[in-house]
Amino acid sequence: MIPNKYSKESIDFLSLRYNTPKWLVKTWQKNFKNLTYKILKANTKQPLNTVRLNPLLDTQVVKEDSIFEKTFADEMLIYKGKAPIKKQTYYINGLIFPMKMSVKHVFENITLDSLKGIAVYQGYPNNAYLEAIFNTNKHADIDIIVTSHQDYHEAKTNIARFGLDKARLYRSEASSIITCVSRKVDSFIVCPRSSNFDLLRSAPDYFLRFNPETFDSLIKEQTESLKECSNFVEEGGQLIYLVPTISLKEGQLLIRKFLENNKDFELESERQYFPFDPYDSCLYFALLRKKVQ
């Protein structure tokens with residue numbers, strides 16, 4: 001049904017063929033060149049519904065249940081059941097929780113010190129704070145700042161469910177973090193609001209709800225979040241940035257600009273995850289280290 005006047009390599013053809021706005025196809029062609037086709041093709045497939053096993057409990061019964069399928073990643077399973085995960089007894093009893101394989105992979109490659117303090121700023125729904133805790137121990141000294149009522153109530157439930165007795169929960173925007181965190185920490189995990197391109201595969205109406213004109217305001221908010229959180233990182237500590245996107249403006253370029261304006265930080269590592277790679281996710285990650293003066 002696509003008009004013959006469009007060549008198969010053109011932006012118009014790719015936009016129609018993969019039901020993706022031309023502005024986004026054009027952006028990916030400019031930024032990622034030969035990866036555009038692989039991104040578009042991967043976005044036509046349903047994302048894996050993955051869960052993280054609680055490493056602090058005996059989860060053998062979960063592994064043996066037929067509603068789960070093994071993945072190549074340790075302690076990660078694909079949920080095949082029809083009922084929502086949060087209605088499963090395994091979830092209610094704290095044996096599992098939703099988690100992207102890419103997020104777990106990020107935490108496998110960073111070191112967190114539970115004695116020196118950890119803080120998490122969560123601007124979009126995710127369980128990064130749980131992975132941070134299980135990467136250390138459930139008695140980790142951690143501040144959790146969320147922006148929405150829904151995330152606040154879910155985090156409150158998780159704190160009780162998993163017995164996180166030293167977790168402190170706050171609801172605040174990035175501009176008011178100073179009212180929540182009273183001391184500097186060794187690790188600050190920053191997950192600000194973003195375009196959340198990882199929803200493309202699971203939400204058919206994504207482009208009806210996302211307005212590209214809000215892109216600049218999102219980037220401004222991400223920049224402010226990163227700057228505000230950086231003020232609470234002690235010397236030698238780390239600033240960890242996570243956004244579910246495939247966009248240089250929200251990822252690499254934003255980090256480069258932050259480093260230009262904040263000479264006391266340096267880039268230690270970064271990675272862009274794509275939906276076609278084994279981790280099945282759109283995610284940009286950067287680890288920034290604060291220099292010791």
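The first residue of the sequence shown is numbered 1, and numbering continues consecutively from there.
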Salt bridge between [X] and [Y], side-chain N to carboxylate O under 4.0 Å?
X: Glu235; Y: Lys290; value: no
X: Asp198; Y: Lys100; value: yes
X: Arg256; Y: Glu260; value: no

Check step by step if salt bridge (Lys or Arg N to Asp or Glu O under 4.0 Å) holds for Asp12 and Arg17. CA-CA 8 Å; Asp12 294 278; Arg17 171 66 178 81; over 6 Å; no
For [X] and [Y], work out which heavy atoms get closest and say how close.
X: Lys291; Y: Lys263; answer: NZ-O, 3.0 Å
X: His139; Y: Asn137; answer: N-OD1, 2.8 Å
X: Ile246; Y: Cys282; answer: CD1-SG, 3.5 Å
X: Tyr121; Y: Pro192; answer: CE2-CA, 4.1 Å
X: Ser187; Y: Thr111; answer: OG-O, 4.3 Å
X: Leu218; Y: Ser195; answer: CD1-N, 3.7 Å

Are [Y] and [X] connected in a single hydrophobic cluster, I mean Ile/Leu/Val/Met/Phe/Trp/Tyr linked by side-chain heavy atoms less than 4.5 Å apart?
X: Val181; Y: Ile133; answer: no
X: Val61; Y: Leu53; answer: yes
X: Met101; Y: Ile96; answer: yes
X: Ile144; Y: Leu130; answer: yes
X: Ile110; Y: Ile189; answer: yes

For the ring pair Tyr241 and Phe285, is the centre-to-centre distance below 6.0 Å? no
Would you say the rings of Phe97 and Phe134 are close, in the sense that their centroids are separated by under 6.0 Å? yes
Does the plane of the ring in Phe188 sit parallel, tilted or perpendicular to the ring in Phe232? Use 30° and 60° as the thresholds. tilted
Side chains of [Y] and [X]: any donor to acceptor distance under 3.5 Å?
X: Glu250; Y: Gln222; result: yes
X: Ser281; Y: Ser102; result: yes
X: Glu64; Y: Gln60; result: yes

Report yes or no: is the cationic atom of Arg271 (NZ for Lys, CZ for Arg) closer than 6.0 Å to the six-membered ring centre of Tyr273, at no more than 45° off its axis?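 Flagged: Arg271 positioned over aromatic ring of Tyr273.
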Identified ring pair (Phe, Tyr, Trp, His ring centres under 6.0 Å) partner of Phe274 from the options Phe32, Phe197, Tyr279, Tyr284: Phe32
